[in-house]
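One structure below.
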Number of protein chains: 2
Amino acid sequence: MSGARRGAGRDRLISAAKELLWETGYEQMSPGDVLRRSGIGQGSLYHHFEGKLALALAALDAMVAEEKAAIDAVFAAEKSPRQRIADYLGRERQMLRGCRLGRLANETAMETPEFRAAVADYLGHVERRLAEAVREGQEAGTLNRTLDPTEAGALFLAVIEGGYVLARAHWDEARMLVALAGAQAVLRQMSVT
Amino acid sequence: MSGARRGAGRDRLISAAKELLWETGYEQMSPGDVLRRSGIGQGSLYHHFEGKLALALAALDAMVAEEKAAIDAVFAAEKSPRQRIADYLGRERQMLRGCRLGRLANETAMETPEFRAAVADYLGHVERRLAEAVREGQEAGTLNRTLDPTEAGALFLAVIEGGYVLARAHWDEARMLVALAGAQAVLRQMSVT
DNA sequence: GTCTATAGGGGGATAGAC
DNA sequence: GTCTATCCCCCTATAGAC
């Protein structure tokens, strides 16, 4: 009773906000949209949250947790370092929708510290997992040292995030796939065996 | 007189719109903002343009023309292919502001064909220049063939566009610079001499 | 905790004088 | 071609009944 359980209304608001943040971004997401989509009445939003921003931050936190967990599954320790990176690169994606977190990078809401921190948290997590895998592979001798682990991690992540931009700009998944093929070729070049 | 000359008012509106599109994006740019910044009165905007979208498209076209010209200067033919790519990668950038065109990739206005086409035009132009340089270098024997020209062009562009996302997310230019260092290392790996 | 009703403000656009 | 005045709608938030 005491704070452990949260009402279904709150959760439905967060679910709707998560969908809308991905589909339209923060500025474009109006409280009215959230209410219509969640089927919840006007005042309830302001019972559970201080306002639109607080709701978005709650939704963002949930998205970050989900995406970090999905990333950790891709980077499971039992795989070889090279396989982890290959799986991340070749992962299934809804390319035309854009990265759930990265697509928010240009919203004015990024000026809000907690908002920006959530996006940075996710991207930093992926980048660290990538760098970690490269370092491990180099130490094990299965990846060569042509690229610095940190630089390689940033490179691979940037290709993905930039690939989303290309796919959306041309409205064509193939534009991301070409960039991805370049990254995969780089990974092959790094592979020793 | 007959259509050759455009009033100063129109140009000032476009200038203000160009600034605002870069600073805040399209959805966030209100006609009121444009008017305040340009110092022009209410009705004049609708004398020169059908509405906000038409103004933004005119501003976009101007931005694309400017940026393509700047890109063509970077890819001047008298440079070696490798130098052209290196100059593009190492180009001075306002990393925290984001790519003037690429930052619009996630706006809902991208659903408007002319809007999306402008962004795609710029990005396609850069990608072609990059691929062209790689192909030329390979034919001249100064770049090896570890990467396909098309894939390399997409890779380099995606790293830049993704680098902007990383820099903005962490609010730290260094995050883009690390990814860039990775791309530069890849370019070095491709260099024969 | 959820609802309906409502309010203030600004976004996007138009009217019409000068 | 430029200006001021004005309009309608929706965005964000609050009030208060149930």
Side-chain angles (χ1 to χ4, degrees), chain A residues 1-60 104 106-112 114-115, chain B residues 1-60 104 106-112 114-115:
Chain A
M1 301 298 174
S2 55
R5 194 133 188 68
R6 271 103 148 248
R10 184 189 157 98
D11 291 343
R12 285 168 65 194
L13 287 167
I14 290 182
S15 285
K18 288 196 295 186
E19 290 177 17
L20 287 165
L21 281 174
W22 196 2
E23 289 172 24
T24 70
Y26 175 76
E27 331 284 4
Q28 199 70 3
M29 176 189 86
S30 78
D33 294 334
V34 176
L35 295 170
R36 273 186 292 279
R37 180 160 310 203
S38 63
I40 281 186
Q42 190 72 345
S44 297
L45 195 161
Y46 299 94
H47 171 74
H48 292 291
F49 301 97
E50 284 198 0
K52 174 183 168 178
L53 180 60
L55 167 59
L57 291 176
L60 258 187
L104 302 170
N106 290 297
E107 303 256 359
T108 54
M110 289 290 283
E111 289 165 17
T112 303
E114 304 96 302
F115 194 102
Chain B
M1 305 296 174
S2 55
R5 196 134 187 66
R6 268 101 150 251
R10 184 189 157 98
D11 292 343
R12 285 168 65 196
L13 287 167
I14 290 181
S15 285
K18 286 197 294 186
E19 291 177 17
L20 287 165
L21 281 174
W22 197 1
E23 289 171 23
T24 70
Y26 175 76
E27 329 285 5
Q28 200 68 3
M29 176 189 86
S30 79
D33 294 335
V34 177
L35 295 170
R36 273 186 291 279
R37 179 161 310 204
S38 63
I40 282 186
Q42 190 73 344
S44 296
L45 194 161
Y46 298 93
H47 171 72
H48 293 291
F49 302 96
E50 284 198 0
K52 174 183 168 179
L53 179 60
L55 167 59
L57 290 176
L60 258 187
L104 302 170
N106 290 297
E107 303 256 358
T108 54
M110 289 291 282
E111 288 165 18
T112 303
E114 305 97 302
F115 194 102

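Just so you know, these numbers use all the heavy atoms, side chains as well, and skip hydrogens, waters and symmetry mates. Reminder, nothing fancy here: chain letters follow the sequence lines and each chain counts from 1. Bear in mind that the values here come from a model prediction, so they are computed numbers and not experimental data.
Residues B:Thr24 and B:Glu107 share a closest heavy-atom pair of O-OE2, 4.4 Å. Across A:Gly51 and A:Tyr46, no two heavy atoms sit closer than the pair CA-CE2, 3.8 Å.
Atom OG1 of A:Thr108 is separated from atom OH of A:Tyr26 by 8.5 Å, given to the nearest 0.5 angstrom.
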Practice task
Go through the steps for A:Phe115 and A:Leu104 under the test side-chain contact (heavy atoms from CB on, under 4.5 Å), then give the verdict.
Solution key: CA-CA 9 Å; A:Phe115 194 102; A:Leu104 302 170; 4.0 Å; yes
Scan nucleotides 4-9 of chain D against the protein and return all N/O pairs shorter than 3.5 Å with their distances rounded to 0.1 Å.
| residue | atom | partner | partner atom | Å |
| --- | --- | --- | --- | --- |
| D:dT4 | O4 | B:Gly43 | N | 3.1 |

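At distances below 3.5 Å, not a single donor-acceptor pair connects side-chain atoms of A:Arg37 with backbone N or O atoms of A:Ala16. A:Asp33 contributes a side-chain N or O that, together with a main-chain N or O of A:Ser30, makes up a donor-acceptor pair within less than 3.5 Å.
Checked against C:dG11, D:dT12, D:dT2, the side chain of B:His48 finds its nearest nucleotide in D:dT2. In the set D:dC3, C:dT2, D:dG1, D:dC3 carries the atom at the smallest distance from any side-chain atom of B:Ile40.
Between A:Arg10 atom CZ and C:dC3 atom C1' the separation is 19 Å, expressed in whole Å. Atoms NZ (A:Lys52) and P (D:dC10) sit 16 Å apart, rounded to a whole Å. In this structure, A:Gln28 places its CD atom 14 Å from P of C:dG11, rounding to the nearest Å. Regarding B:Leu55, its CG atom lies at a distance of 15 Å from the P atom of C:dG11, rounded to whole Å. Distance, B:Leu53 CG to C:dG11 P: 17 Å, rounded to whole Å. At whole-Å resolution of the value, NE2 in A:His47 and C1' in C:dT4 are 16 Å apart. Atom-to-atom, CD of B:Glu50 to P of C:dG12 comes out at 16 Å; the value is rounded to the nearest Å. Rounded to whole Å, the distance from CG on A:Leu35 to C1' on D:dC11 is 12 Å.
A:Tyr46 has a side-chain polar atom (N or O) that falls below the 4.0 Å cut-off from OP1 or OP2 of D:dA13.
Each of A:Leu45, A:Leu35, A:Val34 was evaluated against A:Ile40; a single residue qualifies, A:Leu35, per the side-chain contact (heavy atoms from CB on, under 4.5 Å) test.
Nucleic acid contact for A:Leu45: none, since no nucleic acid atom lies under 4.0 Å from a heavy atom of the residue.
Residue whose closest nucleotide on DNA chain D sits further toward the 5' end, between A:Gly51 and B:Gly39: B:Gly39.
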